Amino acid sequence: MAATSGIGVSPELTKAFSDAVETKNVRFIKVIIQDESLISVASLSVAESLSEDLVQLQEYLEDKEPCYILARLDDSPSEWLAISYVPDFANVRDKTLYASTRNSLTRSLGSTIFTDSLFATSKADVTPEAYEAHKRHQAAPKPLSAREQEMANIKAAEREAGNSYEGSNARKNHIGQRVGLSWSSEAKDAVKGLGSRDDSRIVILKIEPSTESLELDSFANATVDNLSSSIPNDEPSYIFYAWTNSYSQAGGDIVFIYSCPTTSPVRYRMLYSSAAMISWRKLGQHSRLQQRGLKRRTQRNSMMAFLKAGLNHDGPAGVIANNNGTRQDDPAKPSFAKPRGPARRR
């Protein structure tokens, strides 16, 4: 951390700079150190742009005398540029003094006002060409080490490929970046038709692996009693079952069943499980299906386990069947039983 000289801003300089900020008609204020204080010795009005006004500043700069130049910027008139002019031919004491006082000057006048700074060692560094080069340098990308450049190239390649690095939170699908299956027209019509029928009907869809699209496998009228025999047991499938019952306000429910036998190939299991929820939500957007109650879904590992969940028994959705075949309400979870402590010693 650089040491400060302890030199402060004079009241005259504070007032002159405050007036220049308010009036917005002053381009440059020349500041020097005199009698252990920062004072203003000259000011120039705004004529043209900052680059063009720098030409007039040349006659106010000395070859061996350092100074500070406070310059108003063009893009935002309320922002200023702090120029520290310390010639190479100045004596060492003055170089040290001006270097240690630079931060005190900007802090005293308002560090938020000075949005840019320029260091000059000769008059050639305070020309329009030099200032344009300074702005290009400010806008240029920061220099990178070999390792940083390598990481930047990797990120750029990822952006071009359409992927972004997500670290350990990334969840990639081995069958595609995002499983969104296309639907054949026959599959769409068969499933949407369930919303306009009053009978119990089953629609079975299967995925065509080569095109990753949903195709209609079969559809037929089916009661709860023969539902199990209507579902394939040797390969995975999606089943939409329009279940007519008197417990639903719409007169029935549409049940989505995801069936995947354990003997299915691993690739099919991954494909069907990845697209199950998306397929369910896509159908839920259809107004007719919503009116009939597209709100029930289940996963079927074995049809007998599914039937025991209560769909094949008369009763509302919250009722299940016990071992005796009679209905009873879904029991509440038992509370945690605190273990008994050790017996007291006598």
Side-chain angles (χ1 to χ4, degrees), residues 173-176 179-195 197 199-245 247-248 252-284 289 292-315 317-325 327 330:
N173 195 305
H174 296 282
I175 308 173
V179 178
L181 299 176
S182 59
W183 289 59
S184 66
S185 58
E186 294 82 2
K188 286 183 180 180
D189 295 341
V191 175
K192 290 180 181 179
L194 297 176
R197 298 179 63 91
D199 54 351
S200 296
R201 190 176 182 85
I202 184 173
V203 173
I204 301 176
L205 306 181
K206 293 186 179 180
I207 298 177
E208 176 57 42
S210 59
T211 59
E212 292 191 2
S213 60
L214 272 177
E215 304 290 341
L216 176 64
D217 181 71
S218 63
F219 63 90
N221 295 333
T223 63
V224 173
D225 296 331
N226 61 11
L227 178 61
S228 177
S229 59
S230 302
I231 297 178
N233 291 320
D234 56 345
E235 54 185 343
S237 60
Y238 294 149
I239 298 94
F240 288 86
Y241 179 57
W243 175 40
T244 302
N245 61 82
Y247 307 104
S248 173
D253 293 322
I254 295 180
V255 184
F256 173 71
I257 306 171
Y258 159 47
S259 173
C260 187
T262 56
T263 57
S264 303
V266 176
R267 181 173 183 269
Y268 284 7
R269 294 187 202 177
M270 296 173 60
L271 182 59
Y272 275 81
S273 62
S274 300
M277 186 56 65
I278 297 177
S279 302
W280 166 259
R281 290 176 178 173
K282 185 174 181 179
L283 265 295
L289 298 183
R292 187 162 183 182
L294 182 60
K295 59 183 179 180
R296 297 166 59 91
R297 63 179 183 271
T298 184
Q299 179 172 345
R300 176 235 190 216
N301 292 326
S302 66
M303 182 48 60
M304 292 307 298
F306 171 68
L307 293 177
K308 289 180 180 179
L311 186 60
N312 63 328
H313 292 275
D314 295 334
V319 173
I320 64 174
N322 59 20
N323 295 331
N324 297 325
R327 292 182 300 158
D330 203 353

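Owing to the predicted nature of the structure, the values given are computational and were not obtained by experimental measurement. Counting from 1, the numbers follow the sequence of the chain as shown.
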Quiz prompt | Spatial distance of atom CD1 (Ile239) from atom CG (Asp217) [nearest 0.5 Å] | solution = 9.5 Å

Quiz item: In chain order, what residues pass the side chain to side chain contact (heavy atoms under 4.5 Å, CB included) check against Pro209, with sequence neighbours excluded?
Solution: Arg267, Tyr268

Exercise. Hey, could you give me the CH2/CG distance between Trp183 and Leu205, rounded to the nearest 0.5 Å?
Key: 5.5 Å

Quiz item: Taking Arg269 for the side chain and Cys260 for the main chain, is one N or O donor matched with an acceptor at less than 3.5 Å?
Solution: no

Exercise. Specify whether Tyr258 and Tyr272 have parallel, tilted or perpendicular ring planes, treating 30° as the upper limit for parallel and 60° as the lower limit for perpendicular.
Key: parallel

Practice problem: Go through the structure and list residues passing side chain to side chain donor-acceptor pair (under 3.5 Å) with Ser213, not counting sequence neighbours. | Solution: Thr211, Glu215

Quiz prompt | Straight-line distance of Ile257 CD1 to Tyr241 OH, nearest 0.5 Å | solution = 8.5 Å

Exercise. Specify the closest pair of heavy atoms between Ala222 and Ile202, including all atoms of both residues, with the distance to one decimal.
Key: CB-CG2, 3.7 Å

Quiz item: CD1 of Ile207 to OG of Ser237: how many Å apart, nearest 0.5 Å?
Solution: 10.0 Å

Practice problem: Please report the shortest heavy-atom distance between Ser184 and Leu216, naming the atom on each side. | Solution: OG-N, 4.0 Å

Quiz item: Hey, what do you get for CG (Leu271) to CD (Glu208), rounding to the nearest 0.5 Å?
Solution: 10.5 Å

Quiz item: Atom CG of Asn233 and atom OG1 of Thr263: how far apart are they, to the nearest 0.5 Å?
Solution: 9.0 Å

Self-check item: Partner residues of Glu235 under the salt bridge (charged side-chain N to carboxylate O under 4.0 Å, His left out) criterion, sequence neighbours left out
Solution: Lys206

Quiz prompt | Minimum heavy-atom distance Ala187-Leu214, with the two atoms named | solution = CB-O, 3.9 Å

